[in-house]
Trainee: 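Let me give you the structure first, and then I'll get to my questions.
The chain is numbered in sequence order, starting from 1.
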Amino acid sequence: MPAVIVEFWEGRTVEQKRRLVKAITKAMVDEAGSDPTHLHVIIHDVAKDSWGRNGKLGVDLMAEPKEAAAPAAPVPAAPAPAINRVSHLLLFVQDLDRALDFYVGLLGLQIRERTVRPDGRASASTIQGLGLTTFPAGEVKGKTVEHIAFRCPEGVEPIVEKLKAAGVAFDGPKRSPYGMSVYFRDPDGNRLECHDSTGV
């Protein structure tokens, strides 16, 4: 017949004791293999005038003024970072017009500027920080980035609906370190992420 005896100052409510007995019983069953039907939990409520510590009764200890906690040491301010955000990302694509149809026409990015690079290749930049240009002549590479993430303050649902309507395969929405994210690929196979602001 295992028994657990708990002694503490009086003052706990019946509901607190009920929860305590339940928690102790579960711990004894889980950790000690006790049979709950034979386990006794005994609670002793002890009056503060019948319990002493450090040479004083509990009732006297309760009446003593508490020592003020030492003020916390000031936390030194972190130095301002030299870099505070990504400025832009230039992405190689096979076909600039096709890429613009996807990023501007489908995802809703806005063109900031269209230019011609010194070697004659066309390029475009968006106000959201994504730049697009084709590979140099005769040079076609594979994956150029692991993925690009876009923040969607109004949530990812509008993007999901656009992807569905366009027949673009996607993964999610699902929880990520940045919030609720959805993952998909552009026409060149680059992996993209759109996430809301619940995680940042």
Side-chain angles (χ1 to χ4, degrees), residues 1-86 89 107-108 128-129 145-165 168-185 191-200:
M1 183 190 73
V4 177
I5 299 174
V6 180
E7 294 183 330
F8 47 33
W9 285 350
E10 61 186 1
R12 271 73 174 186
T13 66
V14 173
E15 183 56 35
Q16 287 176 311
K17 294 176 185 178
R18 185 175 289 120
R19 293 197 302 268
L20 179 62
V21 168
K22 183 177 181 180
I24 291 174
T25 300
K26 183 178 186 303
M28 288 293 291
V29 171
D30 293 345
E31 306 301 332
S34 297
D35 181 348
T37 60
H38 296 107
L39 174 65
H40 295 260
V41 179
I42 304 164
I43 297 176
H44 290 163
D45 275 332
V46 182
K48 296 179 179 67
D49 60 5
S50 298
W51 187 309
R53 179 174 59 84
N54 195 25
K56 298 180 181 179
L57 287 176
V59 68
D60 297 325
L61 291 171
M62 294 294 292
E64 290 182 351
K66 299 292 190 295
E67 292 185 7
V75 179
I83 297 174
N84 66 353
R85 66 181 178 89
V86 174
L89 187 149
L107 298 188
Q128 288 79 12
V145 294
E146 201 287 323
H147 80 279
I148 309 168
F150 299 101
R151 184 176 177 182
C152 304
E154 302 303 319
V156 298
E157 290 78 9
I159 293 295
V160 169
E161 292 305 316
K162 287 185 177 184
L163 296 174
K164 287 180 179 178
V168 176
F170 60 91
D171 177 22
K174 59 185 177 182
R175 179 62 59 182
S176 76
Y178 296 93
M180 291 302 296
S181 296
V182 60
Y183 301 88
F184 51 100
R185 294 186 182 274
R191 187 167 181 259
L192 308 177
E193 173 189 1
C194 286
H195 66 81
D196 62 17
S197 56
T198 59
V200 293

Trainee: How far apart are the closest heavy atoms of Pro173 and Val160, and which atoms are they?
Mentor: CG-CG2, 3.9 Å
Trainee: Which residues satisfy the side chain to side chain contact (heavy atoms under 4.5 Å, CB included) test with Lys17, sequence neighbours excluded?
Mentor: Arg12, Ile43, Asp45
Trainee: Going by the rule side chain to side chain contact (heavy atoms under 4.5 Å, CB included), which residues pair with Ser34 if we only count those two or more places apart in sequence or in a different chain?
Mentor: Pro2, Met28, Ala32
Trainee: Do you know which two heavy atoms are closest between Leu39 and Ala3, and how far apart they sit?
Mentor: CD1-N, 4.5 Å
Trainee: Looking at Gly179, is its backbone amide N or carbonyl O close enough to the side chain of Asp196 to form a donor-acceptor pair, meaning the two atoms are under 3.5 Å apart?
Mentor: no
Trainee: Looking at every non-hydrogen atom in both residues, tell me the closest pair between His195 and Ala149 and how far apart they are.
Mentor: CD2-CB, 4.4 Å
Trainee: Can you name the residues that form a salt bridge (charged side-chain N to carboxylate O under 4.0 Å, His left out) with Glu15, not counting sequence neighbours?
Mentor: Arg18, Arg19
Trainee: Lys56: which residues meet the side chain to side chain donor-acceptor pair (under 3.5 Å) condition with it, sequence neighbours left out?
Mentor: Glu64
Trainee: Going by side chain to side chain contact (heavy atoms under 4.5 Å, CB included), name the residues that satisfy it together with Lys22, two or more places apart in sequence or in a different chain.
Mentor: none
Trainee: List in chain and number order the residues that pass side chain to side chain donor-acceptor pair (under 3.5 Å) with Glu7, two or more places apart in sequence or in another chain; answer none if no residue qualifies.
Mentor: His44
Trainee: Lys26: which residues meet the salt bridge (charged side-chain N to carboxylate O under 4.0 Å, His left out) condition with it, sequence neighbours left out?
Mentor: Asp30
Trainee: With sequence neighbours left out, write down each residue that passes side chain to side chain contact (heavy atoms under 4.5 Å, CB included) with Pro158, or none if nothing qualifies.
Mentor: none
Trainee: Can Leu107 and Phe184 be said to form a side chain to side chain contact (heavy atoms under 4.5 Å, CB included), step by step?
Mentor: CA-CA 12 Å; Leu107 298 188; Phe184 51 100; 4.0 Å; yes
Trainee: List the atom of Ile159, the atom of Cys152, and the distance in Å for their closest heavy-atom pair.
Mentor: CG1-SG, 4.2 Å
Trainee: Could I get the full list of side chain to side chain donor-acceptor pair (under 3.5 Å) partners for Asp35, not counting sequence neighbours?
Mentor: Thr37, His38
Trainee: Which pair of heavy atoms, one from Pro153 and one from Arg151, lies closest together, and at what distance?
Mentor: CD-O, 3.5 Å
Trainee: Between Val21 and Thr25, which heavy-atom pair has the shortest distance, and what is it?
Mentor: O-OG1, 2.8 Å
